[in-house]
Amino acid sequence: DPRKTLGREELVRRIIDYVAGAQSTIRAQIRAMGSSCDWSRERYTMDAALSRCVTAVFSRMFRDGLIYRGPRIVNWDPALQTTVSDDEIDHVEREAKFYTMRYGPFLVGTSRPETKLGDTAVAVHPEDPRWQAYIGQTIAVPWPKGPTITVKVVADAEFVDPETGTGALGVTPGHSQVDFEIARKHSLPLIQVIGEDGRMTEAAGPYAGMTVLECREAFVRDLQEAGLMARIETYTQPISICHRSKQPIEPLPKAQWFIDVNKPAVPWRGKLLSLKQVMKSVVESGEIRIVPDHEEKKYYHWIDNLRDWCISRQIWWGHRIPAWYRGPEEFYVGHRPPQGEGWVQDPDTLDTWFSSALWTWSTLVDPKRAADPQLDLKQILAASPDFQRFHPTSVMETGWDILFFWVARMILMTTYVTGQVPFRVVYLHGMVLDKDGEKMSKTKPETSIDPLDVIREDGADPLRLAMVLSSSAGRDTRLSKEQITACKRLVNKIWNAAKLVERSLAAAPATEGTPAQAVHPVNRWMLMRLKTLITTANNRLSGYAFNDAAEHIRASFWGEFCDFYLEAIKLESLKQLGETAAVLQHAFDCYLRLFHPFIPFVTEQVWQELRRPGYLIRAAWPEIEAAHDWPAEVEGVDAVVRLLTEIRRIRSEKEIPPNAKVDVLIQPRQHAPIFAACREIISRLARTTEPVIENAPQSSATALRNAVVAVDAAFTVAVSLSQADLAVERTRLARQLETEQQRLARLEQKLKDERFLQQARPEFIQSTKAEAAKIGATIASLRERLDSLA
RNA sequence: GGGCGAUUAGCUCAGAUGGUUAGAGCGCCUGCCUUACAAGCAGGAGGCCAGUGGUUCAAGUCCACUAUCGCCCACCA
């Protein structure tokens, strides 16, 4: 026990040393992750200014009657020798014995016979006919080897269910939460038979000095010998264990400091509310939004079940309770001890969440003002520029596991102290789990990953991106090696694309005009795709769907920019257009800006190497350009992309050697000028000879005899083959015809349906009609080709 | 006992305000070292969206119930 060997001062000194080391580790991790923090405003809850806030709040709550000291059943951890809060307790189930013993005229059940030595009452239901005669009596119960206890028989309809157990409940006010409540209600005495050391007290008579388990064994044996044990059964017992020590909690009566959550003492929006009511009201009213929504329900449920908050801890590290005593009578609460000799400070410290609960504003107080003993809290806040400017916080980001510990307590404290909400939005991220689905935790180092290790191995960018991509609000995520590897590939892709962009820009003529003046359909298409992307990314980001935003950016960059646009502009004639250089630069700039929050290091490096102005981290987020408005080019080039896929598919299926060029005949049904403008692109990307584009179908069926044909809504394309397998093609086209006919049938059915025509949105009916017409045209082409193959 | 969530491709997961043929990464199959990138490129296979009912012109998406799994809370007679 370091408290015994070191003493208070030395222990605290060592903890301070430990904290210094931990702080520098955490700082290094945050920096290595690329978090952009204002390091000049780094704060620690034990800083002088923050400590001043802690004692000031304590004093004020005490004055307002919201903090009181009183005996309560607390969750005592005999292993750690301290109380723990309700929220620091885990519930586990285990096999245990359940004892039913004779108890005067009653049979009472318990899983903890040793506590019965401290019983002061038996509670029964007031309408239970079995016990009517005894209600109100006081009965002496002599235990076989002592002591003799006197129990009062009380009737209670609230706590006693006549159907449960024997219908008679032995009341142990000193060692049971409920029994303590019953005792308070019926003014029963309290006998403490278990001490803080986990051993029986003098009140336990002959059992004094035994541990709880020793006493249980001995007492049960004595009861059995005396014939007082009716039965012993085995059952599954829910028990409370301390989250930190994993040892069973011993409920004990102790004088502790509490915050009263039910007393109406907080002026809020014109009413006097309890802390509970304020906490509930600010979320219900929408002043605070919790993301994801369903966490709000858990928050309400927690508040509904909330009891007074025990804030004192019997540990030495933390903010010491600002209460001083002199003798048994004198008592003072304040930041400093009162004048005079002999004042002793309360040895207990405050629950760590007490100071953390002040975080959104205690970090913003001006340290100089906080050091001025003349000022009270209100004056300190009024004179703190950061508080005036930055409070409330816009978005509070933390894990869902501390919604109750921290978020709820910040709401409680901040509304009470400042009259403001602490933040507008709470974004709760999920837990990062290890590969076995275990939550990573400080107390379980074997489950934890040190970001510095991952960063050394794979880099900070892939780690960040993997974490963002694999998690949505409130949902846990397993951090996998595969995810990080996939992200590494994206980062690498950006780097390689940058090399190509740099080379292309160096080889291109000077950029001409603005992107908005671009004419070539491929350039216009790129700008339109970007515009759609920025719009989507903005929507997703403002909806806190960070993973979704990142995914859209990734898909557009890789699938549209790299796979199509960069390939397309390798074509000399396109590359040499002055507008292309302008569009290329603009587009790549946009992607870098969009990627930067997710991939800060590589994008910044690329930005510098391309000699873009200033720092990317300070560059503006891309704008949605209203002038970029060419819907026809988007549809047309999309059709060209599909055309490329069709030709490549035919090549692949027919096993045409990659370097062999094929002859193609294209019959556009729409966007003919765009197909024409993309002639060279088609030729290059699909490896064809000069494509023949027929605006009006001229080629006879026989000319297409040795060809494979693909039919799309926007075009029909024929790829010449020396030996086309007509049977295979017929089968494929017939299958396509069938699916297209089914789709058309579905749409036509809809369009015939009166209810659809009356009730669907007009725009949707329009687009359904347009779709049906397109499919109709596709079907006509398919039939034509099938006929010619017949 | 009370509350909250999950169930979508072989695996890990996205699918905002209901809308026409449901997506990604990894894995798998085929072919390519094409002068940014083989950590890549091109093509492909693979899903009655857990089940049943309902609301709706229209359901992976909304509602009810069921099944399975997970988490949180709970006054351990």
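Below, read A as the first sequence line, B as the second, and so on, with proteins coming before strands; counting in each chain starts at 1. Given the structure is predicted, the values throughout are model-derived calculations rather than measurements.
Listed candidates were B:rC32, B:rG19, B:rA36. Nearest to the side chain of A:Phe764 is B:rG19. Closest to the side chain of A:Lys488, out of B:rA39, B:rG40, B:rC72, is B:rA39. Ranking B:rC4, B:rU20, B:rG43 by closeness to the A:Arg648 side chain, first place goes to B:rG43. Here B:rA36 is the nucleotide among B:rG43, B:rG19, B:rA36 with the atom lying nearest to any side-chain atom of A:Ala497. Of the listed nucleotides (B:rC57, B:rC37, B:rG31), B:rG31 has the atom at the smallest distance from the side chain of A:Pro658. For A:Thr768, taking side-chain heavy atoms from C-beta onward, the closest of the listed nucleotides B:rU20, B:rA39, B:rU56 is B:rU20. Checking B:rG25, B:rG44, B:rC57 against every side-chain atom of A:Arg554, the shortest atom distance belongs to B:rG25. For A:Arg540, taking side-chain heavy atoms from C-beta onward, the closest of the listed nucleotides B:rC37, B:rA16, B:rC76 is B:rA16. In this structure, of B:rC4, B:rC75, B:rA36, it is B:rC75 that holds the atom nearest to the side chain of A:Val178. When each of B:rU20, B:rA77, B:rG27 is scored by its nearest atom to the side-chain atoms of A:Arg489, the top-ranked nucleotide is B:rG27.
Of all nucleotides present, none satisfies the Watson-Crick or G-U wobble test against B:rU20 with each distance under 3.5 Å. With a 3.5 Å ceiling on both atom-pair distances, the Watson-Crick or G-U wobble partner of B:rC41 is B:rG31. Pairing for B:rG70 goes to B:rC4, judged as Watson-Crick or G-U wobble with the two contacts each under 3.5 Å. Across every strand in view, B:rG10 sits in a pair with B:rC26 that passes the Watson-Crick or G-U test at under 3.5 angstrom.
Here A:Lys570 reaches the OP1 or OP2 of B:rA36: one of its side-chain N or O atoms lies under 4.0 Å away. Side-chain N/O atoms of A:Arg503 include one lying less than 4.0 angstrom from OP1 or OP2 on B:rA36. For B:rU20, the OP1/OP2 oxygens have no side-chain nitrogen or oxygen of A:Lys769 closer than 4.0 Å. Taking side-chain N and O atoms only, A:Arg475 has a distance below 4.0 Å to OP1 or OP2 of B:rA14. Contact check, A:Arg761 against B:rG18: no side-chain N or O comes under 4.0 Å of OP1 or OP2. The shortest distance between the side-chain N/O atoms of A:Arg684 and the OP1/OP2 oxygens of B:rU34 is not below 4.0 Å. For the OP1/OP2 pair of B:rA39 and a distance below 4.0 Å, the side-chain nitrogens and oxygens of A:Trp558 include no atom meeting the criterion.
B:rC13 atom C1' lies 8 Å from atom CD of A:Gln483, rounded to whole Å. Nucleotide B:rG19 holds its P atom 19 Å from the CG atom of A:Asp753, rounded to whole Å. A straight line from NE2 of A:His294 to C1' of B:rC62 spans 18 Å, rounded to a whole angstrom. Atom CG in A:Leu747 sits about 16 Å away from atom P in B:rG19, given to the nearest Å. To the nearest angstrom, P of B:rC32 lies 17 Å from CD of A:Glu653. Atom CZ of A:Phe756 and atom P of B:rA58 are 11 Å apart (whole Å). Atoms CD1 (A:Ile494) and P (B:rA39) sit 18 Å apart, rounded to a whole Å. At whole-Å resolution of the value, CZ in A:Arg755 and P in B:rG19 are 20 Å apart.
For B:rG51 and B:rA59, the P atoms lie 15 Å apart once the distance is rounded to whole Å. Of the C1' atoms belonging to B:rA24 and B:rG46, the separation is 15 Å, rounded to the nearest Å. Nucleotides B:rU35 and B:rG40 have their C1' atoms positioned 14 Å apart, rounded to a whole Å. Atom C1' of B:rG1 sits at a distance of 38 Å from the matching atom of B:rC48, rounded to the whole Å. One C1' atom belongs to B:rG54, the other to B:rG18, and the distance between them is 16 Å to the nearest Å. Distance noted for atom C1' between B:rA50 and B:rA67: 8 Å (whole Å).
No side-chain donor-acceptor contact under 3.5 Å links A:Asn75 to the backbone of A:Ile249.
Among the atoms of the strands shown, none is found under 4.0 Å from any heavy atom of A:Phe180. Within the 4.0 angstrom heavy-atom criterion, base atoms lie near A:Cys562. Contact annotation for A:Lys298: backbone-only contact, meaning every heavy-atom pair under 4.0 Å involves sugar-phosphate atoms and none involves a base. Residue contacts for A:Gln759: at a heavy-atom cut-off of 4.0 Å it reaches a base atom on one of the strands shown. Within 4.0 Å of A:Phe159, counting heavy atoms only, lies at least one base atom of the nucleic acid. Using a 4.0 Å heavy-atom cutoff across all strands shown, A:Pro251 reaches at least one base atom of the nucleic acid. Among the heavy atoms of the strands, none lies under 4.0 Å from A:Val501. Nucleic acid contact class of A:Thr100 (heavy atoms, under 4.0 Å, all strands): none. Backbone-only engagement by A:Asp563 is indicated by non-hydrogen atom pairs under 4.0 Å involving sugar-phosphate atoms exclusively. Heavy atoms of A:Trp495 sit nowhere under 4.0 angstrom from any nucleic acid atom.
Under the 4.5 Å side-chain criterion, counting only non-hydrogen atoms from C-beta, A:Phe106 is in contact with A:Val124. Between A:Phe598 and A:Ile553 the shortest side-chain heavy-atom distance falls below 4.5 Å. Side-chain contact between A:Pro113 and A:Met101 is present, with at least one heavy-atom pair separated by less than 4.5 Å. Side-chain contact check for A:Phe595 versus A:Leu490: some heavy-atom pair is nearer than 4.5 Å.
Side-chain atoms of A:Glu567 come within donor-acceptor range of the base of B:rA36, with a qualifying N/O pair under 3.5 Å. Side-chain atoms of A:Lys750 stay outside donor-acceptor range of the base of B:rC57, with no qualifying N/O pair under 3.5 Å. Between the side chain of A:Thr477 and the base of B:rU12, no donor-acceptor pair under 3.5 Å is found.
The minimum heavy-atom distance between A:Gln177 and A:Ile73, with the atom names listed, is OE1-O, 3.6 Å.
A distance of 7.5 Å separates CD1 of A:Ile765 from OG1 of A:Thr768, quoted to the nearest 0.5 Å.
The residues A:Arg735 and A:Glu738 are annotated as not salt-bridged, no charged nitrogen and carboxylate oxygen being separated by less than 4.0 angstrom. A salt bridge links A:Glu740 with A:Arg743: the distance from a Lys NZ or Arg NE/NH1/NH2 to an Asp or Glu carboxylate oxygen falls below 4.0 Å. Of the charged side-chain nitrogens involved, none lies within less than 4.0 Å of a carboxylate oxygen, so that A:Glu572 and A:Arg684 do not count as a salt-bridged pair.
The 5' end of RNA chain B is approached more closely, in terms of each residue's nearest nucleotide, by A:His301 than by the other of A:His301 and A:Ser470. Taking the nucleotide of RNA chain B with the nearest heavy atom to each of A:Asp548 and A:Ala498, the more 5' of the two is matched to A:Asp548.
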